[in-house]
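Here the structure is laid out as structure tokens; the discussion comes afterwards.
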Amino acid sequence: MPELPEVEITRRHLATALDGHTLTGVQVRHDRTARYNASPAEVESRLSLRRIENLGRHGKFLVADLDDGQVMVAHLGMSGRFTISNPGDEILLHTHFVAAFDDDQQVRFIDPRTFGFVAVFDDREESPLSRLGPDAWSDPPSAGELSARLRGRTAPIKALLLDQGPIAGLGNIYADEILHRSRIHPLTPGGRVRGEKAAVLLEATRDVLAMAIANGGTTLDDLAYLLPDGRAGENLSSLSVYGREDLPCPSCGTPIRRVLVRARSTHFCPSCQKSPRGVVTVSL
DNA sequence: CCTCCATCCTGTGGGC
DNA sequence: TGCCCACAGGATGGAG
């Protein structure tokens with residue numbers, strides 16, 4: 001599942017191919033890949049002949065500034081992957097977007113489950129970027145700022161990390177990893193994460209993301225995420241809890257448990273991450 | 001405002 | 001062996 005580290009790796013790969021280059025032809029090959037009330041034809045025409053000035057990232061969204069002030073926003077969803085290809089390369093199954101550039105290279109978007117998209121907006125305010133909190137990696141909030149964003153929230157901290165509002169970029173894998181490293185129980189009400197706890201959470205966020213990015217991201221057994229050059233990320237063996245139900249906690253040896261939080265699989269160590277007072281954990 | 005749920009989708013794998 | 005179905009989850013819109 002692409003999360004911040006996987007999107008950041010993708011951004012770095014694509015930036016060299018995109019930055020400063022002009023889109024000579026754009027094909028949106030699947031209706032659902034254009035989103036936000038725009039048709040494939042509209043996305044194609046809005047992107048046509050535009051030059052990409054800079055490819056950035058906010059949370060899990062790729063953000064390209066275009067020469068006319070428009071913003072191209074792409075999301076990998078659950079199964080999306082960008083490739084850099086040559087015009088003659090075979091079009092793989094589930095290729096939903098093809099952008100041709102002035103140097104004859106192509107950037108293609110392959111997305112079997114179509115949760116991902118490529119969209120164009122007049123500015124960031126009218127795009128989904130406007131809902132996002134500060135980026136967990138490039139622009140992390142201070143402990144005070146994170147505490148303020150969590151103040152009064154009763155939802156489980158796990159759910160709030162996935163929300164993208166308090167902090168942007170974390171998904172199910174890294175949220176679990178960060179909470180484990182922070183020794184915070186996933187069902188802890190968000191509002192109780194403040195002060196030193198918030199500082200520890202942010203430190204863990206930095207460490208977990210740094211490791212994941214250095215390892216080229218996490219490729220699970222199902223190979224849902226591959227680097228743009230087709231290689232697998234190597235962060236899987238660095239995970240402490242995600243996907244490790246019943247296996248020993250790397251810190252203390254206690255078997256990792258899995259519960260559902262908001263219908264999402266949540267992995268934690270019951271001894272390192274003590275249940276907060278008044279919170280009952282129900283087994284699956 | 002908040003919390004929580006259903007919805008979108010396809011490949012995979014477990015169960016029978 | 002082969003079929004069926006539950007499961008995986010990011011973002012969003014709506015109910016309460």
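In the text below, chain A, chain B and the rest are named by the order of the sequence lines, each starting its count at 1.
- Here the C1' atom of nucleotide C/dG10 and the CZ atom of A/Phe115 are 7 Å apart, to the nearest Å.
- In terms of phosphate contacts, A/His75 brings a side-chain nitrogen or oxygen within less than 4.0 Å of OP1 or OP2 of C/dA11.
- Whole-Å rounding puts the A/Glu245 CD to C/dA8 C1' distance at 14 Å.
- Within the 4.5 Å cutoff, the side chain of A/Leu55 has no heavy atoms near those of the A/His13 side chain.
- At a threshold of 4.5 Å between non-hydrogen side-chain atoms, the residues A/Leu220 and A/Tyr242 count as touching.
- At least one side-chain nitrogen or oxygen of A/Arg262 sits closer than 4.0 Å to the OP1 or OP2 atom of B/dC4.
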Audit row: A/Thr254, A/Cys272, side-chain contact (heavy atoms from CB on, under 4.5 Å) steps and yes/no: CA-CA 9 Å; A/Thr254 303; A/Cys272 293; over 6 Å; no
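- Not counting sequence neighbours, the partners of A/Ala136 by the side-chain contact (heavy atoms from CB on, under 4.5 Å) test are A/Leu4, A/Ile167, A/Leu170, A/Thr205, A/Leu209.
- Going from atom CG of A/Leu76 over to atom P of B/dC9 covers 19 Å, rounded to whole Å.
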Worked verdict on A/Arg29 versus A/Asp111 for salt bridge (charged side-chain N to carboxylate O under 4.0 Å, His left out): CA-CA 11 Å; A/Arg29 300 160 49 90; A/Asp111 184 20; over 6 Å; no
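- With salt bridges taken as basic N to acidic carboxylate O contacts below 4.0 Å, none links A/Glu177 and A/Arg181.
- A close approach under 4.0 Å does occur between a side-chain nitrogen or oxygen of A/Ser265 and OP1 or OP2 of C/dA8.
- For the pair A/His96 NE2 and B/dC9 P, the interatomic distance rounds to 11 Å; values are reported in whole Å.
- Cation-pi check for A/Arg183 over A/Phe268 is not met; the charged atom does not lie both under 6.0 angstrom from the ring centroid and within 45 degrees of its normal.
- Among C/dA11, B/dG11, C/dG9, the nucleotide with an atom closest to any side-chain atom of A/Tyr242 is C/dG9.
- Near-neighbour residues of DNA chain C inside residues 117-131 of chain A, defined by a heavy atom below 4.0 Å, number-ordered: A/Pro128, A/Arg131.
- A salt bridge links A/Arg46 with A/Asp122: at least one charged nitrogen is closer than 4.0 Å to a carboxylate oxygen.
- Against DNA chain B, the stretch residues 148-174 of chain A makes heavy-atom approaches under 4.0 Å through A/Arg153, A/Thr154, A/Ala155, A/Pro156.
- For A/Arg113 against C/dG10, no side-chain N or O and base N or O form a donor-acceptor pair under 3.5 Å.
- The side chain of A/Tyr36 contributes no N or O atom lying less than 4.0 Å from OP1 or OP2 of C/dA11.
- Side-chain nitrogen and oxygen atoms of A/His94 include none within less than 4.0 Å of the OP1 or OP2 phosphate oxygen of B/dC9.
- Remark: A/Lys158 engages A/Asp176 in a salt bridge, criterion side-chain N to carboxylate O under 4.0 Å.
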